[in-house]
There are 2 protein chains.
Amino acid sequence: MADELTKIIDLSTQSNTSDNYLTFIDQLCEHMDFDFASYATMSPVTGSVLGYANYPDEWKMHYMRMNLHRVDPTIHQSARSIAPVDWTRLSRGESFNSVFYRANDFGLTDQGLTVPVRGPFGDVGLLSVTRSCSEREWKLLTRDKISELQMAAVHLHDSVMQSDVLSRALRRPSLSARETEVLQWTAIGKTQQDIGDILSISHRTVEVHMRSAREKLGALTTIQAVGRAIGYQIIYPG
Amino acid sequence: MADELTKIIDLSTQSNTSDNYLTFIDQLCEHMDFDFASYATMSPVTGSVLGYANYPDEWKMHYMRMNLHRVDPTIHQSARSIAPVDWTRLSRGESFNSVFYRANDFGLTDQGLTVPVRGPFGDVGLLSVTRSCSEREWKLLTRDKISELQMAAVHLHDSVMQSDVLSRALRRPSLSARETEVLQWTAIGKTQQDIGDILSISHRTVEVHMRSAREKLGALTTIQAVGRAIGYQIIYPG
DNA sequence: GCAACACTACGGGATACCCCTAATAGCAAT
DNA sequence: ATTGCTATTAGGGGTATCCCGTAGTGTTGC
């Protein structure tokens with residue numbers, strides 16, 4: 001069992017192409033007896049979702065066309081969780097139905113599991129697997145494979161993040177010491193005048209650091225810049 | 001093997017007392033043949049550091065007295081990593097020596113492994129294990145146990161965070177729909193005038209909602225209010 | 001019924017923020 | 001050495017925001 005896992009993980013440490021990730025997902029299904037698997041990563045700041053899956057093409061098209069990632073409860077729930085999320089425990093609300101309502105038509109089941117992983121920059125990776133079988137069989141399968149799935153998710157996300165395919169969009173901008181300092185003081189409620197006094201510089205200068213911080217963070221206002229800096233974990237909320 | 005793990009994890013889903021976490025760590029060592037284990041977490045909001053370890057008391061005293069957590073390379077390296085970090089791969093720099101220089105005197109080894117886990121609030125949990133044995137034995141041990149350690153780390157961190165987040169949730173102020181709405185638009189860079197147009201209300205009214213939101217959040221400025229709202233997960237960074 | 005609160009709206013004075021320009025210092029490049 | 005980039009410093013001017021009020025309507029709860 002451990003050998004199988006090692007074999008799979010070794011695959012992920014090779015070249016970081018999209019094809020490689022797809023074959024990794026395929027092999028994962030094959031080795032662990034799942035129907036389908038997917039990996040998705042989302043930016044905590046922009047909320048954009050990118051990923052790979054071996055779902056039927058028709059479903060992928062449908063999913064993308066309907067922008068289902070915006071309401072998909074498997075994504076939103078596991079994006080807020082530390083531990084793996086079993087889809088059978090999700091509440092059957094409106095958003096659940098809007099995603100799984102037509103899923104059966106595409107050969108998919110709502111019997112799935114999502115393993116969330118997070119990196120140091122607030123980046124989130126979601127490894128999901130599905131299998132249509134009896135409830136008892138599903139319980140046994142997940143119990144046996146969950147720790148391997150956890151490992152696989154960690155290594156897959158690590159690999160994806162180390163490649164610059166997706167990480168560039170997610171990587172946090174590098175702020176100067178002053179910029180970070182000014183943002184942090186701002187976040188805890190100080191005015192520019194206060195900060196100028198604290199740092200023994202003019203409040204004009206404080207504003208310049210603020211401006212370049214805004215530009216680097218692609219923010220329209222100081223408030224948005226502070227929000228993003230918190231999202232990127234560059235500073236802490238006051 | 002899976003049964004052992006289940007047994008251990010069940011322990012962590014009971015009451016969340018410090019004693020419980022300590023026995024969890026002890027049992028982890030016992031079941032997986034490690035000498036020592038530790039768990040540490042840092043909350044990005046409060047900045048507080050929390051940890052449990054079954055190291056010798058003398059070492060814990062020494063570690064705390066010297067504030068070694070500030071330079072500990074096992075912490076800093078794994079706090080920047082997604083995947084587990086084997087201490088034998090750490091660079092033998094100044095900070096490494098300053099921690100492990102005297103570790104041997106206390107019966108500790110530099111043959112260890114740290115598994116990092118992250119939650120949705122930027123919280124980091126570090127589960128570390130050590131064992132002094134031959135290099136070959138160490139390699140085999142870590143290869144066999146790493147996926148169980150990963151699982152244990154996830155569940156331990158999940159348990160700790162649920163107890164911590166619970167108390168945080170009690171302190172979370174309840175904002176009205178309008179207040180939340182106004183804060184969210186502000187966080188994504190809209191001005192009060194913009195928001196007034198979007199919500200079809202006067203920009204004066206927007207400011208009133210902003211004011212009461214600031215008061216409820218105990219914030220000195222709108223920026224701090226937005227930062228706290230993000231920290232409380234009331235709104236999302238723009 | 002009445003108290004408490006949410007949502008709505010306006011005004012005026014003080015202030016902080018935002019944009020422009022601009023200088024100096026350091027550091028990498030070649 | 002000169003060019004180029006970034007970090008840091010700073011002033012002037014326009015405007016949006018903040019803060020202090022007041023005040024009417026509608027909903028919720030005792």
Side-chain angles (χ1 to χ4, degrees), chain A residues 45 121 168 171-238, chain B residues 169-235 237-238:
Chain A
V45 175
F121 306 126
R168 221 177 324 128
R171 202 185 310 260
R172 71 169 130 185
S174 67
L175 299 188
S176 75
R178 275 298 203 219
E179 287 155 359
T180 307
E181 208 169 5
V182 164
L183 279 182
Q184 182 64 72
W185 282 116
T186 305
I188 60 180
K190 301 296 181 186
T191 67
Q192 294 184 354
Q193 184 63 60
D194 292 337
I195 300 167
D197 294 343
I198 292 168
L199 301 179
S200 301
I201 57 177
S202 164
H203 68 96
R204 309 289 191 169
T205 308
V206 174
E207 202 280 322
V208 174
H209 293 309
M210 204 81 87
R211 190 191 316 161
S212 57
R214 280 198 303 270
E215 284 167 3
K216 285 183 179 176
L217 289 162
L220 295 169
T221 63
T222 295
I223 296 178
Q224 188 178 24
V226 168
R228 288 192 170 181
I230 292 172
Y232 280 125
Q233 293 172 36
I234 295 170
I235 61 172
Y236 303 120
Chain B
L170 294 175
R171 272 181 277 135
R172 162 156 49 180
S174 66
L175 299 188
S176 73
R178 274 301 203 215
E179 288 156 358
T180 307
E181 208 168 5
V182 164
L183 279 183
Q184 182 62 75
W185 283 114
T186 305
I188 60 179
K190 301 296 181 187
T191 67
Q192 294 184 357
Q193 184 62 60
D194 291 338
I195 300 168
D197 295 341
I198 291 168
L199 301 179
S200 301
I201 57 177
S202 163
H203 70 94
R204 305 284 192 172
T205 307
V206 173
E207 203 278 325
V208 173
H209 292 309
M210 204 82 86
R211 194 190 312 170
S212 60
R214 279 198 301 269
E215 284 167 4
K216 285 183 180 176
L217 289 163
L220 296 170
T221 63
T222 296
I223 296 178
Q224 189 179 22
V226 168
R228 288 193 170 181
I230 291 172
Y232 281 126
Q233 294 282 303
I234 294 170
I235 61 172

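Just so we're on the same page: letters track the sequence lines, and every chain starts at 1.
Of the charged side-chain nitrogens involved, none lies within less than 4.0 Å of a carboxylate oxygen, so that B/Arg211 and B/Glu215 do not count as a salt-bridged pair.
OP1 and OP2 of D/dT6 both lie 4.0 Å or more from every side-chain N or O belonging to A/Ser176. The side chain of A/Ser212 contributes no N or O atom lying less than 4.0 Å from OP1 or OP2 of D/dA7.
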What nitrogen or oxygen pairs link the protein and nucleotides 14-18 of chain C at under 3.5 Å?
| residue | atom | partner | partner atom | Å |
| --- | --- | --- | --- | --- |
| C/dC17 | OP2 | A/Gln192 | N | 2.9 |
| C/dC18 | OP1 | A/Thr222 | N | 3.3 |
| C/dC18 | OP1 | A/Thr222 | OG1 | 3.2 |
| C/dC18 | OP2 | A/Arg214 | NH1 | 3.0 |
| C/dC18 | OP2 | A/Thr222 | OG1 | 2.4 |

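In this structure, CG of B/Leu199 is placed 15 Å from C1' of C/dA9, rounded to the nearest angstrom. When rounded to the nearest whole Å, the span between CD1 of B/Ile195 and C1' of D/dC18 equals 14 Å. Across the protein-nucleic acid pair, B/Gln224 atom CD and D/dC19 atom P stand 11 Å apart, rounded to whole Å. Across the protein-nucleic acid pair, B/Glu215 atom CD and D/dC19 atom C1' stand 10 Å apart, rounded to whole Å.
Of all nucleotides listed (D/dA7, D/dT9, C/dC7), D/dA7 comes nearest to the side chain of A/Lys216.
Within the 4.0 angstrom heavy-atom criterion, base atoms lie near B/Thr205.
Listed here is the closest heavy atom pair of B/Ile235 and B/Ala187: CD1-CB, 3.9 Å.
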Per-pair distances, 0.1 Å, donor-acceptor, side chain in residues 197-205 of chain B, under 3.5 Å, sequence neighbours excluded:
| residue | atom | partner | partner atom | Å |
| --- | --- | --- | --- | --- |
| B/Asp197 | OD1 | B/Gln193 | NE2 | 3.4 |
| B/Ser202 | OG | B/Arg204 | N | 3.0 |

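With rounding to the nearest 0.5 Å, the separation of NZ in A/Lys216 from CZ in A/Arg228 is 15.5 Å. Rounding to the nearest 0.5 Å places NE2 of B/His209 at 11.0 Å from CG of B/Leu183.
Between the side chains of B/Arg214 and B/Thr222, at least one donor-acceptor pair of N or O atoms lies under 3.5 Å.
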